[in-house]
Amino acid sequence: MKQRLAKLLQQAATALTESGVLSGDPPAIQIERARDPRHGDYASNLALMLAKQAGMPPRDLATLLVERLPADPIVAAVEIAGPGFINFRLAPAALHHTVTAVLEQGEGFGRSRAGGGQKVQVEFVSANPTGPLHIGHGRGAAHGMTMANLLQATGFDVQREYYVNDAGRQMDILAFSLWLRYLERLGVWHDFPENAYRGSYVRDLAVQLEREHGDRFRVEREALALLEDFTGDDDALLDAGIARMRELLGEEDFRLVHAFGLERILEGIREDLASFGVHYDCWFSERSLSEQGAIERALETLEQAGHLYRKEGALWFRSTAFGDDKDRVVVRENGETTYFASDIAYHLNKLERGFERVIDVWGADHHGYVPRVKAALQALGKDPARLEVLLVQFAVLYRGNERLQMSTRSGEFVTLRELCEEVGTDAARFFYCLRRCEQHLDFDLELAKSQSSDNPVYYIQYAHARICSVQRQLGEKGMSWKPGDGASTMDRLTDPRETALMKRLMTYPEVIEAAALNREPHLLPHYLRDLANDFHTCYNAVPFLVEEEALRNARLDLLQATAQVIRNGLSLLGVSAPEAM
RNA sequence: GCGCCCGUAGCUCAGCUGGAUAGAGCGUUGGCCUCCGGAGCCAAAGGUCAGAGGUUCGAAUCCUCUCGGGCGCGCCA
């Protein structure tokens with residue numbers, strides 16, 4: 001609709017340029033929905049923007065523009081208002097056409113080809129497989145999945161990816177923690193380091209490890225004695241413990257325990273995400289990067305371009321040359337590559353896989369890593385703008401007014417699974433997407449569970465269920481109707497509440513496109529709430545199952561279209577649209 | 001100390017790329033159930049857009065500073 005109006009203005013502006021009133025390049029034409037209904041439906045500020053160029057007052061220029069505006073049946077009136085706005089008032093036919101279009105296009109209504117098939121990757125969650133997903137990951141999961149759905153709906157070729165950190169120290173610590181819990185079960189050892197993984201899930205894993213492998217990984221108490229009177233700091237203790245574990249078990253058995261922990265936890269993560277309605281096209285292994293020599297290759301490219309240097313025994317990347325605060329180590333003194341080195345190779349790999357654009361959804365606590373990754377891409381000769389990082393703030397759980405504390409240190413946190421069990425996946429998915437991602441999210445469990453209009457999820461689902469209920473009653477009253485029957489009598493919809501509802505339906509495609517292109521999924525839940533409100537208002541004021549068939553069919557078409565758009569929107573959010581509550 | 005994000009109604013938040021008298025929901029107050037699901041609807045009150053400058057026809061929106069809150073500043077990931 002916006003584009004159609006913009007085209008009209010474009011033609012008017014061109015006419016003025018030809019007649020010499022305007023000169024120079026016309027600016028991009030801006031059309032926006034009018035906020036105040038008295039200003040019509042859409043408005044453009046074109047005359048205000050061109051006034052200086054034309055050397056005349058905006059209102060006079062607006063008059064000239066309007067005079068040259070081509071006629072269009074969907075435009076009922078054009079007015080000049082305020083300082084020089086050009087306001088468009090749509091003809092009722094435009095609204096009726098929307099209802100028909102929704103019914104014709106069904107699930108396709110709201111989808112577009114704006115993305116032109118461009119290859120985009122969305123990488124999200126990517127939590128270390130060192131424990132179950134918690135409520136913080138849940139927000140990234142909901143946000144990332146919805147973002148991907150939105151991009152797909154707007155014509156992008158989307159790939160969803162999870163980066164599995166299956167290499168590195170954190171996984172080693174998990175393996176070590178698992179082994180210690182295992183030894184604890186065997187009665188060999190009871191000293192558990194403060195900063196190892198303390199969650200109860202590690203104990204559960206130890207039980208399974210023993211069940212499947214017996215005492216294969218048992219060692220004598222004395223072999224671990226050196227850990228008892230270890231003098232270094234906590235981190236050094238873990239490193240010493242891991243080294244000792246490797247030594248005592250041998251590389252093969254160490255790998256076995258390591259892989260056991262990794263696989264079981266990853267399996268749990270996959271299950272949690274699947275039941276949360278989150279599915280991936282690719283689970284990308286960090287370890288595969290080093291196995292394929294991708295890290296070496298990336299570092300070599302940087303080396304050849306002169307972006308690396310040695311200092312204090314380590315190899316550094318001069319990221320400050322590309323806007324970072326400080327240079328970063330890529331190879332440690334001990335010869336191991338850093339996580340950052342993997343990340344460089346990983347992002348290079350993404351671009352080499354042919355993605356025009358790569359979107360990473362990270363927790364906001366990682367914001368400091370953005371400049372260095374972008375710096376690396378630039379140093380590798382890639383356009384850093386092809387990487388977009390969406391930083392998702394944490395979610396804080398409330399039970400009514402009580403704030404639920406969660407502590408990672410003790411390993412006692414609310415898992416995503418627990419959240420879904422308590423409030424259901426529909427509410428969880430919806431609430432997670434309710435706020436702009438850079439906004440802190442207060443997640444009230446009581447509200448999410450409540451079955452009342454306070455709860456936006458139920459409010460929207462209820463609207464859908466109500467429409468289905470009306471349709472069920474058709475048969476009971478001996479009436480018949482099928483979608484599209486009202487197409488020829490849509491002009492019978494004249495109630496202002498019906499008009500408001502139709503206008504709302506008309507803006508849905510714009511909302512989807514804006515949400516996708518601006519990376520603002522939260523627009524969708526807000527839109528759906530407004531839509532549900534328009535529906536409930538209409539429902540309360542207008543009887544649908546009236547005797548007169550022409551009017552009834554038109555109204556039922558409008559209801560059907562409303563239900564369809566609710567379904568389409570909820571589906572992008574991963575929320576169900578029940579036919580009865 | 002430096003960097004990033006946030007600050008809008010009592011509460012939780014919208015406000016699209018700078019546009020017209022800053023909007024919703026909850027809460028509060030007051031109405032509406034012989035009627036398709038009252039799990040709902042309608043109305044009212046409620047604002048120095050944290051504060052101060054600046055940019056311009058126009059600023060909640062862009063720039064600078066101050067204040068307040070969150071996060072980050074590892075040869076961890």
Side-chain angles (χ1 to χ4, degrees), chain A residues 28 30 32-36 38-39 43-45 48-49 51-52 57-58 81-85 87 126-128 130 165 167-171 173 235 238 286 311-316 325-326 328-340 342-343 363-371 391 393-394 398 401 434-442 444 447 450-456 458-459 461-463 465-474 476-477 497 510-511 513-515 517-518 520 522-523 525-526 529-530 533 536-546 559 580-581:
Chain A
Q30 294 178 23
E32 58 188 26
R33 288 196 303 280
R35 296 181 187 185
D36 188 330
R38 282 171 302 182
H39 297 144
S44 177
N45 60 355
L48 280 81
M49 297 204 302
K52 193 173 277 182
F85 288 101
N87 293 337
S126 299
N128 285 343
T130 53
N165 294 111
R169 184 161 174 270
Q170 295 304 321
M171 275 312 302
I173 296 174
D235 268 343
L238 283 184
E286 178 187 359
K311 192 179 89 180
E312 294 160 4
L315 190 62
W316 297 70
D325 296 343
K326 50 180 81 167
R328 310 290 173 178
V329 170
V330 286
V331 181
R332 283 178 274 213
E333 207 173 348
N334 66 9
E336 283 179 41
T337 54
T338 58
Y339 170 82
F340 177 48
S342 300
D343 237 13
D365 54 334
H366 286 68
H367 70 257
Y369 296 87
V370 179
L391 297 167
Q393 292 286 344
F394 293 120
Y398 285 81
N401 287 325
L434 196 52
R435 306 287 174 233
R436 248 165 57 220
C437 69
E438 60 265 37
Q439 192 74 247
H440 291 268
L441 174 68
D442 289 336
D444 184 347
L447 178 61
S450 89
Q451 309 208 343
S452 72
S453 66
D454 308 358
N455 181 347
Y458 279 89
Y459 185 77
Q461 290 181 320
Y462 178 51
R466 259 185 157 177
I467 294 172
C468 295
S469 173
V470 171
Q471 291 171 346
R472 280 193 296 271
Q473 297 205 21
L474 255 178
E476 291 165 20
K477 294 204 172 186
R497 287 155 293 208
E510 292 165 16
V511 170
E513 188 168 311
L517 300 182
N518 300 328
E520 292 180 329
H522 71 280
L523 295 176
H526 280 102
R529 214 217 156 276
D530 289 340
N533 185 36
H536 285 305
T537 300
C538 204
Y539 180 95
N540 201 251
V542 180
F544 301 110
L545 299 178
V546 292
L559 282 201
M581 303 294 284

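Note that this is a predicted model, so its numbers are computed, not measured. Lettering follows sequence order; numbering is per chain, from 1.
One can place CG of L517(A) at 12 Å from C1' of rU17(B), the figure rounded to the nearest angstrom. Rounded to whole angstrom, the span from the NE2 atom of H526(A) across to the C1' atom of rU8(B) amounts to 13 Å. The distance from atom CG of L523(A) to atom P of rA14(B) is 10 Å, rounded to the nearest whole Å. Rounded to an integer number of Å, the gap from CZ of F544(A) to P of rC41(B) is 13 Å. Taking atom CD of E510(A) as the reference point, atom P of rU17(B) lies 14 Å away to the nearest angstrom. Between R466(A) atom CZ and rC35(B) atom P there is a gap of 14 Å when expressed in whole angstrom units. Atoms NE2 (H440(A)) and P (rG69(B)) sit 13 Å apart, rounded to a whole Å. Atom NZ in K326(A) sits roughly 14 Å away from atom P in rG72(B) (whole-Å rounding).
Of all heavy-atom pairs spanning T338(A) and V329(A), the tightest one is OG1-O, 3.0 Å. Closest heavy-atom contact between L48(A) and F85(A): CD1-N, 3.7 Å. Minimum heavy-atom separation, A43(A) to N87(A): CB-OD1, 3.2 Å. A465(A) and A580(A) make their closest contact through CB-CA, 4.0 Å (heavy atoms, listed as atom of the first residue, atom of the second, distance). Scanning both residues, L434(A) and H526(A), for their nearest heavy atoms gives O-CE1, 3.2 Å. Between Q170(A) and N128(A), the shortest heavy-atom distance links the atoms CG-ND2, 3.9 Å.
Comparing the C1' positions of rA9(B) and rC26(B) gives an interatomic distance of 12 Å, to the nearest angstrom. Rounded to a whole angstrom, the distance from the P atom of rU64(B) to that of rG18(B) is 16 Å. rU8(B) and rG23(B) have their C1' atoms separated by 10 Å, given to the nearest Å. When the P atom is compared between rA60(B) and rC4(B), the two are found 24 Å apart, to the nearest whole Å. rC73(B) and rC16(B) are spaced 34 Å apart, taking the C1' atom of each and rounding to whole Å. Taking atom P in both rG7(B) and rU12(B), one finds a spacing of 13 Å when rounded to whole Å. The separation of rA22(B) from rC49(B), taken at their C1' atoms, amounts to 8 Å, rounded to a whole angstrom. If you take atom P in rG1(B) and the same atom in rG47(B), they sit 36 Å apart, rounded to whole Å.
Of the candidates rC71(B), rG15(B), rG38(B), rG38(B) carries the atom nearest the Y462(A) side chain, counting heavy atoms from C-beta on. With rG74(B), rU17(B), rG15(B) as the candidates, the nucleotide lying closest to the side chain of R436(A) is rG15(B). Comparing atom distances between the Q473(A) side chain and each of rC13(B), rC5(B), rC36(B) picks out rC36(B) as nearest. Proximity note for A43(A) (side chain, C-beta onward) versus rG19(B), rA20(B), rC41(B): the nearest is rA20(B). Among rC6(B), rG15(B), rC36(B), the nucleotide with an atom closest to any side-chain atom of Y539(A) is rC36(B). Taking every side-chain heavy atom of L545(A) into account, rC36(B) is the closest of rC71(B), rG74(B), rC36(B). When each of rG72(B), rU12(B), rG15(B) is scored by its nearest atom to the side-chain atoms of D442(A), the top-ranked nucleotide is rU12(B). Closest contact between the side chain of N518(A) and the listed nucleotides rC75(B), rC57(B), rU17(B) involves rU17(B). The listed nucleotides are rC41(B), rG72(B), rC75(B); the one nearest the side chain of Y459(A) is rC41(B). The W316(A) side chain lies nearest to rC75(B) when the options are rC75(B), rU12(B), rG3(B).
With its glycosidic angle within 90° of 0, rC33(B) adopts the syn conformation.
Nucleic acid contact class of A514(A) (heavy atoms, under 4.0 Å, all strands): none. Note on E438(A): only backbone sugar-phosphate atoms sit closer than 4.0 angstrom, heavy atoms only; bases stay farther off. Within the nucleic acid shown, A541(A) has no heavy atom closer than 4.0 Å to any nucleic acid atom. Base engagement by H366(A) is indicated by at least one non-hydrogen atom pair under 4.0 Å involving a base atom. Across all strands shown, V546(A) has no heavy atoms under 4.0 Å from either base or sugar-phosphate atoms. Among the protein residues, E312(A) comes within range of the nucleic acid bases, having at least one heavy atom under 4.0 Å from a base atom.
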| request: Using the side chain to side chain contact (heavy atoms under 4.5 Å, CB included) rule, take H536(A) and R497(A) through it: C-alpha gap first, then chi angles, then the decisive distance, then the call. | output: CA-CA 10 Å; H536(A) 285 305; R497(A) 287 155 293 208; over 6 Å; no

| request: Kindly determine whether N533(A) and Y459(A) satisfy side chain to side chain contact (heavy atoms under 4.5 Å, CB included), including the steps that lead there. | output: CA-CA 8 Å; N533(A) 185 36; Y459(A) 185 77; 3.0 Å; yes

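Looking at heavy atoms from C-beta onward, Q473(A) lies in side-chain contact with L545(A) at the 4.5 angstrom threshold. Annotation: side chain of D365(A) is in contact with side chain of F394(A) (closest heavy-atom distance under 4.5 Å).
When atom types are taken as modelled, the side chain of H367(A) and the backbone of A364(A) share a donor-acceptor pair closer than 3.5 angstrom.
Place D365(A) and S452(A) on RNA chain B by their nearest nucleotides, and S452(A) ends up nearer the 5' end. The residue among D325(A) and S44(A) whose nearest nucleotide of RNA chain B is located toward the 5' end is D325(A).
Across all strands shown, rC65(B) pairs with rG51(B); the Watson-Crick or G-U wobble distances both stay below 3.5 Å. Figure legend. rC73(B) is base-paired to rG1(B); pairs are counted as Watson-Crick or G-U wobble with both atom distances under 3.5 Å. Under the Watson-Crick and G-U wobble criteria, each requiring two contacts below 3.5 Å, nucleotide rG38(B) is left unpaired. Base pairing annotation: rC16(B) forms no Watson-Crick or G-U wobble pair, as no partner gives both donor-acceptor distances under 3.5 Å. Of all nucleotides present, only rC11(B) satisfies the Watson-Crick or G-U wobble test against rG25(B), with each distance under 3.5 Å. Across every strand in view, rA60(B) sits unpaired, with no contact that passes the Watson-Crick or G-U test at under 3.5 angstrom.
Residue T537(A) places at least one side-chain N or O under 4.0 Å from the OP1 or OP2 atom of rC42(B). For Q439(A), no side-chain nitrogen or oxygen approaches OP1 or OP2 of rU12(B) to under 4.0 Å.
Taking 3.5 Å as the limit, the base of rA20(B) and the side chain of N45(A) contain no donor-acceptor pair of atoms between them.
Where stacking is scored as ring centres under 5.5 Å apart with planes under 30°, F85(A) does not register as stacked on the base of rG19(B).
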| task | Could you encode protein contacts along nucleotides 23-34 of chain B as a string, one character per nucleotide from 5' to 3', using B for base contact, S for sugar-phosphate-only contact and - for no contact, with a heavy-atom cut-off of under 4.0 Å? | result | --SSS-------

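For the atom pair CZ (R169(A)) and CD (E336(A)), the distance works out to 10.0 Å, reported to the nearest 0.5 Å.
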